[in-house]
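Values reported hereafter were calculated over all heavy atoms of this structure, with side chains retained and with hydrogens, waters and symmetry mates removed.
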Amino acid sequence: MIKIAIIGAGSVVFSGRLISDLVRAQHELRGAHIVLMDINRERLEVIYALATRFAKERGARFVFQHTTSREEALQGADFVINTAFIPGHRRLEAERDIAEKLGYYRGIGDRVSDYYGGIGAYAQLKFLLELAREMEKLCPKAWLLQSANPVLEGTTLIARETSVRVVGMCHGYAKILDVLQALELLENEVEYQVAGLNHCIWLTRFRYKGENAYPLLDRWLETKAQTFWADEKYLFHPQQYQMSPAAFALYKMFGLFPIGDTVRAATPWWFHENLETKKRWFPAGGMDSEIGWTCRLSQNIRQFQRFEQAVKTNSFNFSELFPDKPSYEPHIPFVIAVVNNKPIRLVLNVPNQGIIKGIPPDVVVEVHCLVRGEEIHPEQVEPLPKRLMLYVLIPRWLRMERMLHAFQAGDRLSLVLEIAEDHRTRSWEQAVKVVEELLAQPWNKEAQQHYKGPIGGWDFGAKKSGVSTEF
């Protein structure tokens with residue numbers, strides 16, 4: 001009997017999908033011991049009630065357990081699925097408000113609103129390292145399926161600093177289905193490969209019935225795009241960004257089509273200057289605009305309320321609560337491939353080891369892999385376009401390295417330098433003020449102590465020489 005521990009099981013988005021996928025895999029994973037762990041007991045109780053009732057309804061023979069103890073969940077686990085996002089969205093929104101008051105529209109950091117997890121991602125990176133260290137003691141042979149953002153930084157950090165067998169996982173690649181739907185292609189007649197870094201993956205192979213399918217994207221842009229973008233099904237749905245003008249702009253700039261959150265994260269700063277500009281490139285301004293992100297948070301709240309109401313009233317309409325088809329989350333297929341020695345092709349985040357030329361071997365890349373038993377075989381990737389490497393992938397890799405350096409060295413100056421690189425920063429003093437105000441928040445007390453070094457007042461002699469410090 002295998003043991004699967006889900007850390008952060010109170011997550012609305014992941015838990016529903018994972019439970020649904022588990023129940024669908026009942027024949028491959030019969031008798032599995034599933035431990036749901038979360039520090040929020042209220043949310044945990046709701047998810048546990050739904051999971052056990054749904055499994056019983058579908059005749060799935062699992063042993064469910066729920067706990068607020070991470071140690072109890074990890075003890076003897078074979079697989080650990082981490083979905084825990086330590087900062088929480090309320091704190092991130094508060095930090096965004098502070099940054100906006102200081103001149104940073106929609107906050108600092110990546111385009112994807114929930115990506116880094118607060119100033120320097122300190123709380124999240126600290127938690128991920130602690131989790132991996134605990135696994136080394138309590139379940140040293142287990143696989144860690146790392147899903148909580150930031151996947152690139154977190155998975156690379158764990159792979160470099162611990163002996164844990166870690167694999168990063170993200171469902172963003174599944175946006176390829178939006179491409180196929182728009183082009184009216186059947187999935188079983190399409191061969192595709194994606195490669196890059198998490199939230200920065202590109203369609204490196206795209207064939208339909210054995211022929212190059214990229215011309216179909218060009219034809220769609222010429223003949224159908226304007227009608228698609230004028231339809232209210234696109235205009236009023238921020239999540240429909242995969243076939244947006246932003247996606248095609250990236251394609252024309254860099255030679256490959258972006259997939260999933262890449263459309264949000266890899267677009268240049270001038271796509272994101274204000275809401276009106278965002279609306280040019282994304283439906284309703286996109287997922288990360290005032291409109292789109294409010295919709296996203298509201299959807300999460302409503303989803304949990306539906307879960308909660310079902311438990312309170314003992315009225316379970318599972319067709320409304322859980323997906324009616326596979327979620328395209330790679331977690332459960334990965335477990336099946338390992339446990340049953342069954343070959344499965346999945347998109348995973350693994351150390352590069354020469355897969356993508358131009359990226360160091362110890363940097364985690366997101367690529368197609370064949371998983372069978374204990375072995376993971378990444379697919380080789382043709383050299384990516386030079387422009388894409390120089391302007392997108394290498395800068396993204398370097399940003400990851402800067403974040404990990406700041407975290408591991410406890411270097412406050414590095415945090416300021418990172419913000420100073422933001423195009424919206426007009427002076428050194430502005431960058432310093434952002435860092436100091438964010439670190440001064442009560443929830444950042446540990447980060448305040450961790451990131452050391454006096455910053456305020458540094459002018460590098462500019463004032464003495466009469467040179468302005470304005471950028």
Side-chain angles (χ1 to χ4, degrees), residues 11-14 16-17 85 88-90 92-97 99-100 104-117 147 149-151 170-183 198-201 203 217 220-221 224-251 257-306 323 327-329:
S11 165
V12 174
V13 175
F14 276 109
R17 294 172 181 167
F85 189 57
H89 291 303
R90 288 186 180 180
L92 291 190
E93 291 306 300
E95 291 193 8
R96 190 205 306 279
D97 289 342
E100 284 200 313
Y104 297 83
Y105 170 66
R106 300 303 294 152
I108 61 172
D110 199 273
R111 307 284 186 267
V112 182
S113 295
D114 65 344
Y115 188 59
Y116 280 134
S147 302
N149 284 325
V151 171
C170 181
H171 54 240
Y173 78 95
K175 278 288 188 178
I176 185 69
L177 299 179
D178 288 7
V179 177
L180 303 187
Q181 182 179 11
L183 299 182
N198 182 240
H199 289 180
C200 191
I201 58 174
L203 194 56
L217 281 167
W220 186 90
L221 179 62
K224 296 185 177 181
Q226 295 302 324
T227 301
F228 182 87
W229 295 334
D231 193 296
E232 62 182 27
K233 292 179 182 178
Y234 168 83
L235 284 173
F236 305 122
H237 294 276
Q239 69 273 20
Q240 296 296 327
Y241 54 83
Q242 179 58 74
M243 298 297 282
S244 64
F248 282 89
L250 288 176
Y251 168 37
F257 199 69
I259 297 298
D261 291 319
T262 311
V263 182
R264 301 160 63 192
T267 38
W269 62 263
W270 58 87
F271 284 33
H272 302 272
E273 281 290 85
N274 50 52
L275 181 58
E276 288 307 307
T277 302
K278 281 178 173 287
K279 286 181 177 179
R280 283 182 54 203
W281 300 105
F282 305 93
M287 286 287 291
D288 305 294
S289 70
E290 305 90 309
I291 298 171
W293 197 242
T294 300
C295 291
R296 167 74 177 274
L297 296 179
S298 297
Q299 286 171 356
N300 287 351
I301 292 171
R302 289 196 301 272
Q303 177 72 339
F304 186 75
Q305 288 173 341
R306 284 193 290 269
S327 69
Y328 284 89
E329 297 283 359

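Put simply, CD on Gln305 and CG on Asn300 are 11.0 Å apart, with the number rounded to the nearest 0.5 Å. For the atom pair CD of Gln299 and OG1 of Thr294, the computed distance is 11.0 Å after rounding to the nearest 0.5 Å. How far CZ of Arg280 is from CD of Glu273: 11.5 Å, rounded to the nearest 0.5 Å. In this structure, CD1 in Ile259 is found 13.5 Å from NE2 in His199, a value given to the nearest 0.5 Å. If you take CH2 on Trp269 and OH on Tyr105, they are separated by 14.5 Å, rounding to the nearest 0.5 Å. Remark: Leu92 CG to Asp97 CG distance equals 11.0 Å, nearest 0.5 Å.
Within the structure, side chain to side chain donor-acceptor pair (under 3.5 Å) pairs that include any residue of residues 233-242 comprise Tyr241-Asp261 (at least two apart or interchain).
A pairwise comparison of heavy atoms in Ala230 and Leu235 identifies O-CD1, 3.4 Å as the closest pair. Nearest heavy atoms, Pro238 versus Ala284: CG-CB, 3.9 Å. Contact between Pro258 and Tyr251 at its shortest, heavy atoms only, is CD-N, 4.2 Å. Minimum heavy-atom separation, Thr277 to Trp281: O-CD1, 3.2 Å.
In this structure, the side chains of Asp288 and Arg106 stay at 4.5 Å or more apart for every pair of heavy atoms. Residues Leu250 and Pro268 have side chains in contact (heavy-atom distance under 4.5 Å, counting atoms from C-beta outward). Side-chain contact between Tyr328 and Lys175 is absent, with no heavy atoms from C-beta onward closer than 4.5 Å.
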Evaluation steps, side chain to side chain donor-acceptor pair (under 3.5 Å), between Arg306 and Gln303: CA-CA 5 Å; Arg306 284 193 290 269; Gln303 177 72 339; 2.7 Å; yes
Show your reasoning for whether side chain to side chain contact (heavy atoms under 4.5 Å, CB included) applies to Val263 and Met243. CA-CA 9 Å; Val263 182; Met243 298 297 282; over 6 Å; no
Decide salt bridge (charged side-chain N to carboxylate O under 4.0 Å, His left out) for Glu93 and Arg90; before the verdict, give the C-alpha distance in whole Å, the side-chain angles of both, and the deciding distance to 0.1 Å. CA-CA 5 Å; Glu93 291 306 300; Arg90 288 186 180 180; over 6 Å; no
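Taking the ring pair (Phe, Tyr, Trp, His ring centres under 6.0 Å) definition, one finds that Phe282 meets it with His272, sequence neighbours left out. For the ring pair (Phe, Tyr, Trp, His ring centres under 6.0 Å) test, residues two or more places apart in sequence or in another chain that qualify with Phe248 are Trp220, Phe257.
Just one residue in the list Ser244, Pro245, Ser289 forms a side chain to side chain contact (heavy atoms under 4.5 Å, CB included) with Pro283, and that residue is Ser244.
With Arg264 contributing its side chain and Gly286 its backbone, the two residues share no donor-acceptor pair below 3.5 Å.
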